[in-house]
Amino acid sequence: MKMKVAGISGSLRRGSYNSLLLRLAAASAPESMAVEIASIREIPLYDGDVESESGIPPPVAALKDALAAADGLLIATPEYNHSIPGVVKNAIDWLSRPPRDIPRVFGGLPVAIMGATPGRGGTQLAQAAWLPVLRALGTRPWFGRIMVVSNAAQIFGEERITDDDTRARLERFISGFAEFVSGAGRRRD
């Protein structure tokens with residue numbers, strides 16, 4: 001039986017480098033792992049009044065169920081102003097509601113973070129900014145490899161990576177995460 005990993009891109013842009021990186025990671029995954037890419041496009045801005053009056057919106061409930069059933073989570077994060085993009089943080093905020101669902105959705109979930117940016121700095125600051133969020137949710141972040149793609153416009157072609165070194169790094173990254181998920185298993189404390 002294949003490990004099931006949910007994949008989320010932190011960008012809504014159609015031509016997003018991070019969405020492309022996520023698709024390429026899914027295509028590079030070893031046979032033992034299936035990466036199922038989920039969308040955060042339909043998730044509304046978090047509003048406590050909406051939650052108390054209408055409950056959890058259907059797109060949020062569906063993504064919560066997908067994460068609860070997953071063996072791992074792969075996040076492709078852009079870096080906006082040296083941190084986490086608001087759209088993906090908003091999605092995580094909704095996914096953590098109500099708080100009693102956090103253990104079901106995130107508890108013990110192995111998580112890997114990667115990212116691409118058109119700039120030189122990569123997404124290292126955004127990836128670091130994710131750590132306190134992941135800790136608060138009770139996930140199990142994977143620290144085996146760093147996957148950042150700088151100067152993405154020069155690295156990506158149409159639906160492919162044009163740079164051999166970057167392609168090899170992505171393959172090692174996704175294989176390493178698969179080993180982590182396989183060996184770590186999902187602990188629900």
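Just so it is clear, the values below take in all heavy atoms, side chains as well, and ignore hydrogens, waters and symmetry mates. Not measured: the values here are computed from a predicted model.
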(message) Determine whether D101 and K64 satisfy the following criterion, side-chain contact (heavy atoms from CB on, under 4.5 Å), listing intermediate values before the conclusion.
(response) CA-CA 9 Å; D101 273 0; K64 286 174 68 167; 2.6 Å; yes
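- Within 6.0 Å of CD in E159 there are more than 12 heavy atoms belonging to other residues, nucleotides or ligands.
- Within 6.0 Å of the CG atom in L12, the count of heavy atoms belonging to other residues, nucleotides or ligands exceeds 12.
- Between V88 and I40 the shortest heavy-atom distance is CA-CD1, 3.8 Å.
- A salt bridge does not link D163 to R167: none of the charged side-chain nitrogens sits closer than 4.0 Å to a carboxylate oxygen.
- Of all heavy-atom pairs between K2 and A34, the closest is CD-CB, 4.2 Å.
- With contacts defined as side-chain heavy-atom distances shorter than 4.5 Å, the pair I8/L74 does not qualify.
- For the residue pair L170 and S28, the shortest heavy atom distance occurs at CD2-OG, 4.4 Å.
- Residues A26 and V35 come closest through the heavy atom pair CB-CB, 3.6 Å.
- Atoms CZ and CD1, from F143 and I113 in turn, are 8.0 Å apart once rounded to the nearest 0.5 Å.
- Summarising the geometry of L22 relative to M114, their closest heavy-atom pair is CA-CE, 3.7 Å, with the distance given to 0.1 Å.
- The side chain to side chain contact (heavy atoms under 4.5 Å, CB included) with E79 is formed by just one residue from the set I84, V148, L125; it is L125.
- Summarising the geometry of F173 relative to M147, their closest heavy-atom pair is CD1-CB, 3.4 Å, with the distance given to 0.1 Å.
- A perpendicular orientation is assigned to the rings of W94 and Y46, their planes being inclined by more than 60° (bins at 30° and 60°).
- Each of L134, V181, L137, V133 was evaluated against V111; a single residue qualifies, L134, per the side chain to side chain contact (heavy atoms under 4.5 Å, CB included) test.
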